Amino acid sequence: MRIPLDHQSNIPLYQQIEDHLRKSILAGTLPADTRLPASRQLARDLGVNRTTVENAYAALEAGGLVFSRMGSGTYVLPVYSLPSIPKNNADTPWPLWQTSLQKNTFANADIAEDMLQASGHPHPISFASGISDARQFPVEEFRKVIQSVMRRDQIDALEYGERRGYAPLREGIARILASQGLQTHPENILITAGSQQAIFLAAQVLLKPNDIVLVEDPTYSAALDLFRTLGFQIVGIPVDGQGMQVDKLEKLLQLHHPKLIYTIPNFHNPTGTCLNSARRRELIMLAGKYNIPILEDDFVGDLRYEGHTQPSLKSLDPGGQVIYVSTFSKMLMPGLRVGFIVADGPVFESLLNFKRLSDLATSTLIQRSLDAYMTVGRYQTYLHRSSQIFRARRDAMVTAIGRYLPSSVSFETPKGGLFIWLQLPKSLSANDLLPIACKEGVSFAPGNSFFIDGVSGRDWIRLNFASQPVEDIEEGIKRLGIVFKRIKTKAK
């Protein structure tokens with residue numbers, strides 16, 4: 001067998017032999033059941049070491065192209081083509097049970113990112129994300145923490161661990177919450193895979209299909225998608241500069257009899273507003289009066305840049321009315337996937353059981369590493385530094401909006417959180433603006449994805465100021481200004 005070999009090439013000889021034979025087998029010039037030359041004979045013919053040929057044959061066998069028969073030799077196997085995989089389209093004759101499934105419509109949170117990447121701009125700037133800047137996280141420091149945890153805990157760091165979550169981490173969370181005015185016991189804390197799982201668990205425990213959940217309108221789009229997927233009916237309550245309009249709540253409670261109130265009282269997503277103190281107390285009172293649980297989503301409550309802190313709804317809870325969820329994913333790294341639930345009473349055991357059935361446990365290694373990172377004071381230092389950085393970015397965005405965008409836009413400067421909620425001139429639609437902006441190299445989250453009906457809010461956009469450095473914020477808003485000018489010119 002003649003196989004051309006290049007002894008001067010950087011490609012190993014065994015790989016050159018393997019590549020030549022593989023191409024011949026796939027092309028059909030070496031059909032099935034062909035017996036390949038004995039390794040000793042082929043090595044002699046090619047002037048190479050026998051081990052070189054054996055390595056080539058071993059690679060072909062590992063790839064499923066040949067098989068070895070003891071005492072007989074190496075033979076070519078039949079080449080099977082991959083089955084034709086049906087595409088997900090309406091014309092495919094799927095089984096009846098598949099076609100009868102309810103089709104869910106989601107607010108595609110990634111559409112802005114997809115359009116921005118598709119634009120091919122050499123320096124894309126995204127204001128569309130829902131997280132802080134992962135580049136601020138001390139990756140090298142955390143890597144060393146993980147290594148030290150592995151040395152310290154050995155196999156224990158890779159076990160399922162405690163059902164509630166790693167006890168020292170829960171104790172650390174309880175201390176952080178206490179410093180924020182929320183007194184709880186570590187036994188009432190359940191570690192979850194981010195706040196998204198926490199919301200999912202609470203919804204599964206408290207609601208059944210067709211139950212009504214009351215939410216702020218607008219609100220967190222992924223929560224809306226979750227509630228829709230689980231078959232709940234969603235009723236909205238409007239939001240103003242002081243958060244949920246609680247004065248309209250009692251009428252909605254009487255009319256719809258919801259089974260859950262889901263709220264983001266601190267630095268609301270997407271509006272950035274905070275529920276004022278009087279409304280918080282009235283909300284707690286009404287929930288107790290009508291026997292309705294409150295799910296409090298405090299995803300970035302500790303990112304305050306100015307003003308006075310407001311008590312969490314859970315800290316005002318007279319006893320078991322509020323389930324509190326929060327996360328480290330938004331503040332530290334989204335890939336950590338560590339959030340938690342605080343709940344009192346029999347509901348905690350139900351949440352714990354659903355958590356166990358959902359995924360058995362959140363990564364013990366990550367929990368232990370996060371605990372080691374936090375317990376030496378690094379978290380508070382990181383939080384303080386991040387708050388200073390994000391405040392500077394917020395101010396940079398506010399300044400850039402005033403400089404580059406038309407005076408007809410309007411917004412309230414948030415006192416914390418991640419977002420600026422900006423209203424466009426009434427003549428403009430965020431969905432029409434987005435593809436033009438992406439071609440210019442900048443993206444944002446269109447407002448309609450945060451509203452229950454998916455239609456309202458077309459003249460609003462959400463801008464994430466925390467995810468980009470100051471210089472990119474300046475450039476990104478400048479690009480948006482160019483887009484506004486182009487649209488204005490076209491309109492004339």
Side-chain angles (χ1 to χ4, degrees), residues 87-90 103-133 217-225 228 269-272 334 393 396-398 400-411 418-469 471-492:
K87 296 181 179 180
N88 290 331
N89 58 51
K103 184 176 181 180
N104 292 303
T105 301
F106 299 111
N108 189 350
D110 297 324
I111 187 170
E113 300 293 347
D114 293 342
M115 291 175 66
L116 183 60
Q117 293 303 318
S119 71
H121 195 281
H123 180 45
I125 299 173
S126 173
F127 297 134
S129 76
I131 60 174
S132 61
D133 188 355
D217 196 22
T219 192
Y220 175 42
S221 60
L224 292 177
D225 288 342
R228 292 189 189 105
N269 181 6
T271 67
R393 294 179 178 184
M397 181 170 281
V398 169
I401 290 172
R403 181 177 300 156
Y404 299 113
L405 299 192
S407 59
S408 52
V409 303
S410 61
F411 66 96
L418 308 174
F419 311 119
I420 285 180
W421 184 236
L422 184 139
Q423 187 170 27
L424 305 172
K426 291 294 183 181
S427 59
L428 290 182
S429 164
N431 291 293
D432 294 337
L433 194 68
L434 181 60
I436 304 172
C438 287
K439 288 181 180 179
E440 195 63 39
V442 61
S443 66
F444 52 79
N448 64 293
S449 62
F450 303 98
F451 284 83
I452 295 171
D453 61 9
V455 176
S456 302
R458 291 187 179 275
D459 57 335
W460 290 89
I461 65 174
R462 192 193 70 181
L463 299 168
N464 183 331
F465 55 79
S467 61
Q468 300 293 340
E471 58 271 19
D472 282 353
I473 290 173
E474 172 89 6
E475 174 62 24
I477 299 299
K478 184 178 180 180
R479 292 176 186 176
L480 267 183
I482 294 172
V483 172
F484 275 97
K485 290 179 180 177
R486 286 182 178 175
I487 292 179
K488 186 176 180 180
T489 302
K490 287 182 179 179
K492 290 181 178 179

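A quick note: this is a predicted structure, and the numbers were derived from the prediction, not measured.
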Would you check, one step at a time, whether the test side-chain contact (heavy atoms from CB on, under 4.5 Å) holds for Phe127 with Ile420? CA-CA 10 Å; Phe127 297 134; Ile420 285 180; over 6 Å; no

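- Heavy-atom minimum distance, Ala437 versus Phe444: CB-CE2, 3.9 Å.
- In this structure, CG on Leu433 lies 11.5 Å from CZ on Arg486, to the nearest 0.5 angstrom.
- Note: Asp432 CG to Asp459 CG = 12.0 Å, rounded to the nearest 0.5 Å.
- When atom types are taken as modelled, the side chain of Asp217 and the backbone of Phe451 share no donor-acceptor pair closer than 3.5 angstrom.
- Separation of atoms CE (Met115) and NZ (Lys439) is listed at 8.5 Å; rounding is to 0.5 Å.
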Kindly list each side-chain donor-acceptor pair under 3.5 angstrom involving residues 461-469, sequence neighbours excluded, with atom names and distances?
{"residue": "Arg462", "atom": "NH1", "partner": "Asn269", "partner atom": "OD1", "Å": "2.9"}
{"residue": "Arg462", "atom": "NH2", "partner": "Ala128", "partner atom": "O", "Å": "3.0"}
{"residue": "Arg462", "atom": "NH2", "partner": "Ser129", "partner atom": "O", "Å": "3.1"}
{"residue": "Asn464", "atom": "OD1", "partner": "Ala466", "partner atom": "N", "Å": "2.8"}
{"residue": "Asn464", "atom": "OD1", "partner": "Ser467", "partner atom": "N", "Å": "3.1"}
{"residue": "Asn464", "atom": "ND2", "partner": "Ser129", "partner atom": "O", "Å": "2.9"}
{"residue": "Asn464", "atom": "ND2", "partner": "Ser129", "partner atom": "OG", "Å": "3.2"}
{"residue": "Asn464", "atom": "ND2", "partner": "Ile131", "partner atom": "O", "Å": "2.8"}
{"residue": "Gln468", "atom": "NE2", "partner": "Ser126", "partner atom": "O", "Å": "2.9"}

side-chain contact (heavy atoms from CB on, under 4.5 Å) evaluation trace for Thr271 with Phe450: CA-CA 10 Å; Thr271 67; Phe450 303 98; over 6 Å; no

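- Summarising the geometry, atom CG belonging to Leu405 is positioned 8.5 Å from atom CZ belonging to Phe411; distances are rounded to the nearest 0.5 Å.
- The heavy-atom pair separating Leu434 from Pro446 by the smallest distance is CD2-CG, 3.8 Å.
- Residue Leu418 comes nearest to Gly130 through the heavy atom pair CD1-O, 3.6 Å, listed as atom of the first residue, atom of the second, then distance.
- Taken from NE2 in His121 to CG in Leu116, the straight-line distance is 8.5 Å, to the nearest 0.5 Å.
- Sorted by first and then second residue, the salt bridge (charged side-chain N to carboxylate O under 4.0 Å, His left out) pairs with a member in residues 441-452 form an empty list; sequence neighbours excluded.
- The side-chain heavy atoms of Asn448 and Ser456, taken from C-beta on, include no pair separated by under 4.5 Å.
- Expressed to the nearest 0.5 Å, how far OG of Ser410 lies from CD of Gln423 amounts to 4.5 Å.
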Using residues 473-482 as the side-chain source, report each donor-acceptor pair under 3.5 Å to any protein atom, sequence neighbours left out, with the distance given to one decimal.
{"residue": "Glu474", "atom": "OE1", "partner": "Arg403", "partner atom": "NH1", "Å": "3.4"}
{"residue": "Glu474", "atom": "OE2", "partner": "Arg403", "partner atom": "NH1", "Å": "2.9"}
{"residue": "Glu474", "atom": "OE2", "partner": "Tyr404", "partner atom": "OH", "Å": "2.6"}
{"residue": "Glu475", "atom": "OE2", "partner": "Arg479", "partner atom": "NE", "Å": "3.0"}
{"residue": "Arg479", "atom": "NH1", "partner": "His123", "partner atom": "O", "Å": "2.7"}
{"residue": "Arg479", "atom": "NH1", "partner": "Gly441", "partner atom": "O", "Å": "2.7"}
{"residue": "Arg479", "atom": "NH2", "partner": "His123", "partner atom": "O", "Å": "3.2"}

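- In this structure, Trp460 and Trp421 have parallel ring planes: the angle between them is below the 30° cut-off, well short of the 60° mark.
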